[in-house]
Amino acid sequence: MSARILSTITARCVPCSALVLLAMCCIAGIAKGQQTAVVGNDYVSATVVIDTASAYGGGRFVVDAGKAFNSYRFLYYISSNVVFRVTAPGGPYYFTNARPAFGGQPLQADNGVVPYAPFDKVDTTSNVAAVTWNDLHGYSVTMLLVPEVPGNGFVKGADVLIEFSYRRNAGATATDLGIFMMLDVYNGQAGGTGGAGDKVSILTSSGYFPASGPGKLFGPGIGSDSIPQFYHVGDFRYENPLNTVLPVHRLTGTSHNGAGLTTPDLLALGNWKGFRFLSWDVVPDDVSSVIDDAATIVRWDTHESVQGVVRTAFGMDDHDGNNLFHCRDTNLFVDIQTERVIARLDSTKPNTATFNANVWVTNTSEAADSLSVVLIAPGGFGSSVQLAGSASPAQSLKLAPHETRLLTWPLEAKVANRDTMLFPLDLRYTIGSGAQARSFRQECLPVISLVGPSSNADHFAPVVTVGGSRTNPGLRALTVVDRHPGVSVDTGIDSIWVDPARSFNMVLSRFGVPVRCETDTIHGTVQVADSARPGRLVIGVRDCAGNMTLDTVLYEVDVTDRRAPNDTTVTVVPGFPTRTWLVTIADRHAKFAYDTGLDSVWADAASLRNMTYAVTIPFVRCDTSSNGRYRVNVIDGTAAAYIKLYIRDCAANMDSLQLVYTPSAGVDERSGATAGDAPAIQEVHPQPLIGGTNGALDITVRNLTSRGAVAELIAADGRVVVRTQLDGAAGLSVARSIPVPAALASGVYVLSIIGANGADSRKVLITR
């Protein structure tokens with residue numbers, strides 16, 4: 001190893017992103033005294049052990065999210081390992097970069113422990129680390145860790161490419177090489193039941209696998225499921241903690257910056273405690289247990305070859321760009337991949353570009369749901385960005401529990417003879433028929449920048465940087481600069497402003513007065529005004545060449561609306577028999593400041609039988625002071641009827657109301673009754689049938705004669721638990737109260753009114 005290379009190697013303890021990892025990082029991870037090499041940039045980096053005598057194994061690595069996120073965040077941990085499989089006479093032969101001091105050592109069923117293969121050399125530069133094994137039973141293999149450099153100032157994300165370059169040595173009897181990689185996946189932001197640290201859930205482009213459930217095998221010969229395009233690890237629910245940095249392993253297609261990837265022959269999702277001992281063969285039993293401490297396996301099977309390259313990519317979602325830009329709502333998670341910048345710097349070139357917006361929609365709940373997803377731009381698509389051809393902005397789909405579906409919208413952009421314009425694509429969705437389209441609870445506005453030719457050479461928009469997470473509460477630092485590396489024509493900041501139409505409850509302040517058209521960095525702060533309310537600030541910056549940037553800062557309150565809209569009352573319209581109800585619905589809880597108001601109310605075909613419902617007073621969407629009123633009617637009073645109204649508030653909390661109509665024996669469609677008819681129960685209050693707080697059931701009964709009648713409340717086992725005397729008058733409706741003992745248990749009872757000329761009964765539900 002040369003002196004130049006030695007000078008770049010340091011012995012250090014890699015810092016951790018959370019207190020809970022501090023001890024583990026220095027004791028069980030890359031400990032003090034371990035020689036490591038670090039390569040990377042602001043967005044992603046890799047640390048590789050370059051000590052062949054390491055107790056953990058030389059060539060083991062860590063991938064993290066980079067220093068732009070203010071703290072070290074593991075994406076893939078040091079307990080990951082690589083196994084090489086060489087086919088040759090007397091073999092196959094297995095080799096690994098893992099040693100048993102941390103995480104155990106891979107096993108091979110026929111040959112026992114896979115032997116540790118010390119590497120032969122390490123080469124590092126500022127942006128590449130290369131670990132080489134000269135002779136793995138006839139093959140020379142170099143593992144390169146190459147952090148990609150962000151392609152332009154609009155993108156704030158990148159991948160670490162891991163490339164295995166191999167060549168069969170002269171005279172070797174080996175015929176082919178296979179590569180197996182076990183990854184101890186990690187997300188320091190994950191928490192709650194969706195994962196904590198490395199106990200994370202896994203979300204792929206082919207489905208969602210919660211930490212509390214089993215894993216899965218993908219690949220030819222395993223089933224109908226092909227290798228997914230990518231997977232994330234973390235907590236994908238909307239509830240806190242809200243992951244804003246999600247590790248991503250891109251498996252097919254290209255890397256973040258467009259490098260071609262080698263699709264694995266196998267992908268396994270499962271538990272690290274079992275995966276750490278695997279070396280080649282993975283069977284369904286290996287993924288059948290609960291994921292819990294998550295890990296993944298990728299395997300490139302043997303192919304007869306003299307030389308070749310296998311390439312895969314680890315990185316993070318690009319939430320400030322459009323490469324797996326994500327957003328979510330309760331039970332829904334969305335990945336979006338589309339163009340971030342479309343440039344036409346040469347005025348002689350065509351001004352039209354076509355591209356796709358690819359949207360993966362995942363149902364993270366345990367229930368199937370049908371929804372419509374709509375891709376629009378605020379105010380509708382303008383002439384510069386629009387749907388291509390006859391494509392519809394809305395696409396409908398039905399998602400099974402944990403299912404992921406890909407939706408694609410073809411777009412067309414016309415880059416005019418001007419500088420940067422920005423067009424946000426607005427993703428919205430609808431659940432249930434008749435509901436209004438709603439925005440995601442986490443803002444879902446990927447932005448496309450159009451850079452056209454101009455007489456001015458400065459085509460680069462200013463850069464806005466927000467300190468910390470964009471969705472964390474409190475005070476955040478802000479910097480604005482019109483200065484790009486390697487660009488000599490930047491013109492400096494012309495103006496900074498806040499878009500009042502899209503901003504609320506957040507304040508922008510700046511330090512000092514910027515000098516117009518200077519490229520100096522301008523510092524400021526963004527602060528929430530009222531911490532009990534959500535906030536958003538949309539800042540606009542224009543440079544002196546007219547290039548413009550829009551950026552968004554969000555504030556999400558710690559206490560969100562998680563209460564279902566159960567402020568519902570039902571009034572029975574008098575009749576004989578009862579066939580009409582008036583239902584009033586609101587989202588308004590006493591002493592609760594975070595209600596969001598009603599979003600939608602509906603009943604589908606499966607929840608409606610022999611009933612109709614109609615709006616009599618419409619509610620104002622997302623207004624907590626607004627009530628909705630509905631009239632529910634039984635169509636045929638001699639047949640059973642049922643309705644289930646689904647109620648959703650603007651925080652996606654769900655409630656439902658069920659009304660059941662059961663005709664009584666002998667009840668017909670007459671408008672009234674004559675003297676001598678049997679008693680008829682017309683109403684039981686309150687409705688639905690719930691025991692009142694006064695310890696009584698309030699009923700309205702017709703045809704109680706002066707000779708009196710008996711009211712009985714009968715339990716499910718036939719016992720009469722309440723008996724009381726009632727009086728009234730033939731042909732008239734009277735209101736009476738039937739006392740209910742305090743000791744009576746909750747449950748379904750039969751209320752029976754027995755008169756001289758017959759009887760009537762109803763089921764009632766009593767709750768305490």
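Values reported hereafter were calculated over all heavy atoms of this structure, with side chains retained and with hydrogens, waters and symmetry mates removed. Remember, predicted model here, so these are calculated numbers, not experimental data.
- Taking the side chain as every heavy atom from C-beta outward, Ile431 and Ser370 never approach each other to under 4.5 Å.
- Judged by distance alone, with hydrogens and angles left aside, the side-chain atoms of Asn356 form no donor-acceptor pair with the main-chain N or O of Asn358 at under 3.5 Å.
- When all heavy atoms of Pro393 and Trp409 are compared, the closest pair comes out as O-NE1, 3.1 Å.
- Of all heavy-atom pairs spanning Val287 and Ala268, the tightest one is CG1-CB, 4.3 Å.
- Between the side chain of Asn322 and the main chain of Val447, a donor-acceptor pair closer than 3.5 Å is present.
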Residues Ser372, Thr430; criterion side chain to side chain donor-acceptor pair (under 3.5 Å); working and verdict: CA-CA 5 Å; Ser372 175; Thr430 300; 5.3 Å; no

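- The heavy-atom pair separating Val200 from Ala211 by the smallest distance is O-CB, 3.6 Å.
- With hydrogens and angles disregarded, a donor-acceptor distance shorter than 3.5 Å links the side chain of Ser365 to the backbone of Ala367.
- We find the CD-CG distance between Gln395 and Leu371 to be 11.0 Å, quoted to the nearest 0.5 Å.
- A donor-acceptor pair is defined here as one N or O able to donate and one able to accept, closer than 3.5 Å; no such pair exists between the side chain of Trp272 and the backbone of Met182.
- A distance of 13.0 Å separates NE2 in His232 from NE2 in His249, rounded to the nearest 0.5 Å.
- Between Leu144 and Ser165, the closest heavy-atom pair is CD1-CB, 4.4 Å.
- Taken to the nearest 0.5 Å, the CG atom of Asn271 stands 10.5 Å off from the CG atom of Asp286.
- Between atom CZ of residue Phe230 and atom OG of residue Ser205 there is a gap of 5.0 Å, rounded to the nearest 0.5 Å.
- Taken to the nearest 0.5 Å, the NZ atom of Lys414 stands 13.0 Å off from the CD1 atom of Ile342.
- Using modelled atom types, one side-chain atom of Asp265 and one backbone atom of Asp301 make a donor-acceptor pair closer than 3.5 Å.
- Between the side chain of Arg311 and the backbone N or O of Gly260, at least one donor-acceptor pair lies under 3.5 Å.
- The CG atom of Asn257 sits 4.0 Å away from the CD atom of Glu148 when rounded to the nearest 0.5 Å.
- In this structure, Met506 and Val526 approach most closely via the heavy-atom pair CE-CG1, 3.7 Å.
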Test log, rule ring-ring contact (aromatic ring centres under 6.0 Å, His included), inputs Phe440 and Tyr429: CA-CA 8 Å; Phe440 279 73; Tyr429 72 97; 4.8 Å; yes

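- A donor-acceptor pair under 3.5 Å is formed between the side chain of Trp300 and the backbone N or O of Thr262.
- For the pair Asp369 and Lys398, the salt-bridge criterion is not met [side-chain N within less than 4.0 Å of a carboxylate O].
- Here the two rings, on Phe333 and His326, have centers that are under 6.0 Å apart.
- Side-chain contact between Leu406 and Val359 is absent, with no heavy atoms from C-beta onward closer than 4.5 Å.
- With Thr204 as the fixed residue, the side-chain contact (heavy atoms from CB on, under 4.5 Å) test singles out one of Thr362, Leu269, Thr296, Thr404: Leu269.
- A donor-acceptor pair is defined here as one N or O able to donate and one able to accept, closer than 3.5 Å; such a pair exists between the side chain of Asn323 and the backbone of His256.
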